[in-house]
Number of protein chains: 2
Amino acid sequence: MAATYMADGDLFTCPVEATTSLIGKKWVPTIMMTLADQPYRFEALHSTMAASKKVLKQQLDVLIANGLVHNDKQQRDNQVISSYSLTAQGTALMPVIFAMKEWGTQHLVCDASGSRSEV
Amino acid sequence: MAATYMADGDLFTCPVEATTSLIGKKWVPTIMMTLADQPYRFEALHSTMAASKKVLKQQLDVLIANGLVHNDKQQRDNQVISSYSLTAQGTALMPVIFAMKEWGTQHLVCDASGSRSEV
DNA sequence: CAGAATCCTATGTGATACTG
DNA sequence: CAGTATCACATAGGATTCTG
């Protein structure tokens with residue numbers, strides 16, 4: 001029996017595929033890197049990136065469902081205080097994301113004119 | 001002027017996004033890990049995975065355009081010998097892919113019944 | 001063998017407006 | 001503030017067939 005890896009509600013036989021099914025979502029790396037700094041409330045997080053509220057919420061839900069992000073809600077003065085932060089699992093993924101950043105920086109840098117610059 | 005990162009023909013301001021735009025393609029991790037072992041001819045590579053020829057060719061082209069994969073073609077006996085292998089840039093991405101594999105293995109492993117097993 | 005050419009469908013994402 | 005609800009769209013991926 002082959003090992004299976006569940007991510008985003010789907011089952012994969014390859015752990016890399018499973019991991020990319022999470023990181024591959026358009027705003028997930030940005031969300032993760034932002035939350036790695038500090039917890040953010042929904043609106044504050046939203047204002048740091050160009051994603052729509054709908055998509056941001058969707059991808060946050062995926063991260064929550066997979067145990068990478070934790071959502072803490074509190075009632076106060078007829079208002080909901082919704083705060084998002086990384087879990088231990090989420091934090092464990094950061095070195096991977098930073099490795100991707102490092103590779104991208106070293107191998108994909110282009111200048112404003114679009115021509116690849118020397119590394 | 002902000003640095004820009006070109007991947008898959010698009011420009012990104014975030015290197016992680018640029019990198020995921022490559023790795024995020026469904027079969028790219030599989031292709032990379034397979035070619036990391038040894039060069040493969042098109043048909044041989046195709047037979048190792050469930051991707052259709054069209055999609056396999058598409059994603060190989062993306063990898064070639066971004067300098068991760070090299071394609072060597074030779075004529076022999078009215079037949080084309082098309083061989084694909086990793087470039088130095090492509091090889092440089094392998095540690096990242098292995099890091100993703102490691103994380104996926106440690107944090108996403110499930111058994112056949114679908115319940116998450118202890119790590 | 002190594003692909004190119006079509007057609008088709010799911011879904012990821014964006015824009016906008018509305019709600020408690 | 002923290003979402004939901006729609007609509008609308010581009011594109012990624014799959015299935016199939018055809019070619020040199």
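Keep in mind it's a predicted model, so treat the numbers as computed, not measured. Letters go in sequence order (proteins before strands), and every chain restarts at 1.
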> Can you check whether Ser82(A) has a side-chain N or O nearer than 4.0 Å to OP1 or OP2 of dG3(D)?
Replying inline: yes
>> What is the separation between atom NE2 on His46(A) and atom C1' on dG14(C), rounded to the nearest whole Å?
In response: 11 Å
>> If I take atom CD in residue Gln58(A) and atom P in nucleotide dT4(D), what distance separates them, rounded to the nearest angstrom?
In response: 10 Å
> So, Asp72(B) side chain and Ser83(B) main chain: donor-acceptor pair closer than 3.5 Å or not?
Replying inline: no
> Atom CG of Asp10(A) and atom P of dG13(D): how far apart are they, to the nearest Å?
Replying inline: 14 Å
> Per the side chain to side chain contact (heavy atoms under 4.5 Å, CB included) rule, which among Leu68(B), Asp37(B), Val69(B), Leu63(B) passes with Leu86(B)?
Replying inline: Val69(B)
>> Could you tell me if the side chain of Thr20(A) sits less than 4.5 Å from the side chain of Met100(B), heavy atoms only?
In response: yes
> Once you round it to whole Å, what is the distance between P of dG20(C) and CD of Gln75(A)?
Replying inline: 15 Å
> Can you find a donor-acceptor N/O pair under 3.5 angstrom joining the side chain of Lys53(A) to the base of dG3(D)?
Replying inline: yes
> Atom OH of Tyr40(B) to atom C1' of dA2(C): distance rounded to whole Å?
Replying inline: 18 Å
> Could you state the NZ-P distance from Lys57(B) to dT17(D), rounded to the nearest angstrom?
Replying inline: 22 Å
> Which sits closer to the 5' end of DNA chain D, Tyr84(A) or Lys54(A), going by the nucleotide each is nearest to?
Replying inline: Tyr84(A)
>> Taking only side-chain N and O atoms of Arg41(A), does any of them lie within less than 4.0 angstrom of OP1 or OP2 on dC1(D)?
In response: no
>> Need one value for Gln59(A): base, sugar-phosphate or nothing, where a base atom within 4.0 Å counts as base even if backbone is also close, heavy atoms only.
In response: sugar-phosphate
> When the distance from NZ of Lys26(A) to P of dA12(D) is rounded to whole Å, what number comes out?
Replying inline: 11 Å
> So, does Thr4(A) use its side chain to make a donor-acceptor pair with the main chain of Thr13(A) at under 3.5 Å?
Replying inline: no
> Taking CG from Asp72(A) and C1' from dA2(D), how many angstroms apart are they, rounded to a whole number?
Replying inline: 14 Å
>> Judged by each residue's nearest nucleotide on DNA chain C, which is more toward the 5′ side, Val55(A) or Gln79(A)?
In response: Val55(A)
> Are side-chain heavy atoms of Ile64(B) and His70(B) found at a separation under 4.5 Å?
Replying inline: no
